[in-house]
Amino acid sequence: MELTTFSQQLPVVIQALNVGFVQTLKLFFVTLLGALPLGLVISFGSMSRFRGLRGVVKTIVWIVRGSPLMIQLMIIYYFPGLVLQPFLEQILGYSVNIGWGGGESGRFTAAAVAFIFNYACYFSEIYRGGIQGVPIGQQEAGQVLGLSKSQIFFKITLLQMVKRIIPPMANEIITLVKDTSLARIIALQEIIWAGQAFMKGSQGISGQLWPLFFTAVYYLAFNGVLTVLFAWLEQKLDYFKV
Amino acid sequence: MTALEVRNIQKNYGKTEVLKDISFSLEKGQVLAIIGSSGSGKTTLLRCLNFLETLQEGSILVNGKTIFDAASASKLTDEQIRENRLHFGLVFQSFNLFPQYNVLQNVTLAPTLLKLGTAQEIQEKAKKLIAQVGLSERIQAYPCQLSGGQQQRVAIARALALNPDILCFDEPTSALDPELTGEVLKVIKGLKSKDSTMIVVTHEMEFARHVADKVIFMADGIIEEMGTPEQVFGNPQKEKTKAFLQKSLEEF
């Protein structure tokens, strides 16, 4: 049955977009959960006193930041199953299975890997700026008080770094909310995918553009919440100056 | 009893020799003032004593025990360097208080992390030290709410909380407005006792003359002249010392 009036379409569209947005949010939170700590590890690598390690890490960051996230998504999703697997089978002589699997969960895992890695590289540079911006005297004060390197980092440097990096991190995290839509390219069923479905035809609605446009409201609302959250956090750390 | 003995220490950055063969000793309870123009190596000397820089030559003895010898320095573990540091305390020119902690937390942080007592013992001791530097009323204040002089007094309490054998001051009043200099110098003077050994790098000649038991005049990385304040200020032997003192004490 074709739903022709807006009032008929609205509940169906909202329902579908909600499902898509849950997938969007899942990708967003999983990416944050992975990229926030991984970025710290990468930033330590890029500040290492071992020149070799520093070089490798900086090259990786250059590649990840320098190429489109959309291409990275496609490479990470398709390469293992479509390129590596046949190649390995040819040299090994028996069948192997190293693809992500065709289902939604396979696509989600691949997208999460791509996003975590990509965002960790961006975060690492913000962290590095934050850490190097803490005056050297803070570290020296910790040293003369007999504290260990990890005590100095976690008890002295970290909070000062966090305070410094809130504005650039807020920028990056708001961009991440919108970047999750790139996962559409590997057919992850996030909110853009859900909105587009009504152009081709789904659940009795076809040829409709407005559901796709309407997805922007979801992004806008969620980013509004994040903006308030970051303002609150900034204010929370207003009690000291760095 | 000799609290500190420094034997033939040398420090260079590449080809630049910053400390050339420095030796001196200090008795327990003495205050040593180190004077000299900028770039003479005074600050580097303090930083070496606190292991913020590594010496290329020489050795350091505290209470008769060798804690550092350049010949075997490469074998020192991070752990040993941290232990060595605890013989010394350092008060920086720029205070370097931890901005996210209030006055009390700044003083208790290191003793707590180093587990130097129960939380209550550490708190009580910290409060006593904060009272000693005259800041009991600002105990909950954050560094950004304090004047430079107050911040420096907190930094002194923070250094004292670890009971260092030798407390070093690196130009403690150079970053302060002139009217705040006095309160800090007064606190340092008040610390003088038979148990506290101190080294003060300073440009305050009056302070050095009246508080120090021993004065070292450094120039170009060597000890140009060393003696009691009466000797160094009253009857300097070297030309460089005379020239420096004349400039420093010049009246306008």
Side-chain angles (χ1 to χ4, degrees), chain A residues 36 40 43-45 47-51 53 126-170 229-242, chain B residues 43 46-53 77-102 105-116 140-146 151 154-155 158-164 166-170 175:
Chain A
L36 288 174
L40 197 56
S43 80
F44 285 141
M47 292 185 286
S48 166
R49 55 199 155 115
F50 303 110
R51 189 188 286 200
L53 178 63
I126 297 178
Y127 291 157
R128 187 170 67 84
I131 292 170
Q132 290 177 341
V134 175
I136 185 78
Q138 290 291 307
Q139 196 189 321
E140 289 180 348
Q143 283 176 316
V144 298
L145 292 170
L147 305 185
S148 68
K149 277 185 188 139
S150 73
Q151 286 171 334
I152 291 172
F153 180 76
F154 286 107
K155 298 290 180 180
I156 299 170
T157 311
L158 186 62
L159 192 63
Q160 296 183 41
M161 167 195 117
V162 168
K163 185 179 163 84
R164 282 164 182 274
I165 66 173
I166 288 175
M169 284 299 276
L229 202 71
F230 280 117
W232 172 81
L233 195 60
E234 221 169 300
Q235 202 218 326
K236 256 328 239 192
L237 292 179
D238 216 27
Y239 71 93
F240 71 93
K241 294 201 170 55
V242 290
Chain B
T43 293
L46 279 198
R47 290 175 60 85
C48 289
L49 290 178
N50 282 275
F51 299 92
L52 291 175
E53 310 279 347
T77 61
D78 277 2
E79 189 70 25
Q80 283 167 315
I81 292 175
R82 282 169 55 202
E83 270 173 35
N84 286 348
R85 281 191 180 123
L86 290 176
H87 290 290
F88 296 89
L90 178 61
V91 174
F92 296 88
Q93 182 178 348
S94 49
F95 334 132
N96 297 345
L97 290 183
F98 306 129
Q100 71 265 47
Y101 296 123
N102 66 27
Q105 290 165 330
N106 261 282
V107 180
T108 56
L109 181 73
T112 307
L113 292 176
L114 299 175
K115 303 194 176 71
L116 298 184
Q140 300 293 340
Y142 286 90
C144 62
Q145 301 165 320
L146 300 176
Q151 288 189 51
V154 177
R158 180 176 72 174
L160 286 171
L162 295 179
N163 288 327
I166 297 135
L167 183 54
C168 305
F169 297 85
D170 182 16

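Within every chain, numbering begins at 1; the chains are lettered A, B, ... in the order of the sequence lines, protein sequences first and strands thereafter. Values reported hereafter were calculated over all heavy atoms of this structure, with side chains retained and with hydrogens, waters and symmetry mates removed.
Sorted by first and then second residue, the ring-ring contact (aromatic ring centres under 6.0 Å, His included) pairs with a member in residues 133-170 of chain A read A:Phe44-A:Phe153; sequence neighbours excluded.
Of the two parts of B:Leu162, only the side chain, counted from C-beta on, holds a non-hydrogen atom closer than 4.5 Å to a non-hydrogen atom of chain A. Only the side chain of B:Tyr142 comes within less than 4.5 Å of a heavy atom of chain A; its backbone N, CA, C and O stay farther away. Proximity to chain A involves both the backbone and the side chain of B:Arg158, based on heavy atoms less than 4.5 angstrom apart. The part of B:Leu97 that comes within reach of chain A is its backbone (N, CA, C, O), which places non-hydrogen atoms under 4.5 angstrom from that chain. Only the side chain of A:Lys149 comes within less than 4.5 Å of a heavy atom in chain B; its backbone stays farther off. Interface residue B:Leu113: backbone and side-chain heavy atoms are both found under 4.5 Å from chain A.
Remark: the backbone N or O of A:Leu159 is not paired with any side-chain donor or acceptor of B:Gln100 at under 3.5 angstrom. Here the side chain of B:Arg85 pairs no donor or acceptor atom with the backbone of A:Val144 at under 3.5 angstrom. Panel note: side chain B:Asn96, backbone A:Gly137; a donor-acceptor pair is recorded below 3.5 Å.
For the pair A:Glu140 and B:Arg47, the minimum side-chain heavy-atom distance is below 4.5 Å. A 4.5 Å side-chain heavy-atom check between A:Gln138 and B:Pro99 finds at least one atom pair inside the cut-off. Side-chain contact between B:Leu109 and A:Ile156 is present, with heavy atoms from C-beta onward closer than 4.5 Å.
Nearest heavy atoms, B:Cys144 versus A:Tyr239: SG-O, 3.9 Å. The shortest heavy-atom contact between A:Gly146 and B:Leu86 is CA-CD2, 3.9 Å.
Within a 6.0 Å sphere centred on NZ of A:Lys163, heavy atoms belonging to other residues, nucleotides or ligands number more than 12.
Most heavy-atom pairs under 4.5 Å with chain A: of the set B:Tyr101, B:Phe51, B:Phe88, this distinction falls to B:Tyr101.
Annotation: salt bridge (charged side-chain N to carboxylate O under 4.0 Å, His left out) contacts of A:Lys241 (sequence neighbours excluded): none.
The structure places CG of B:Leu114 at 5.5 Å from CG of A:Leu147, a figure rounded to the nearest 0.5 Å.
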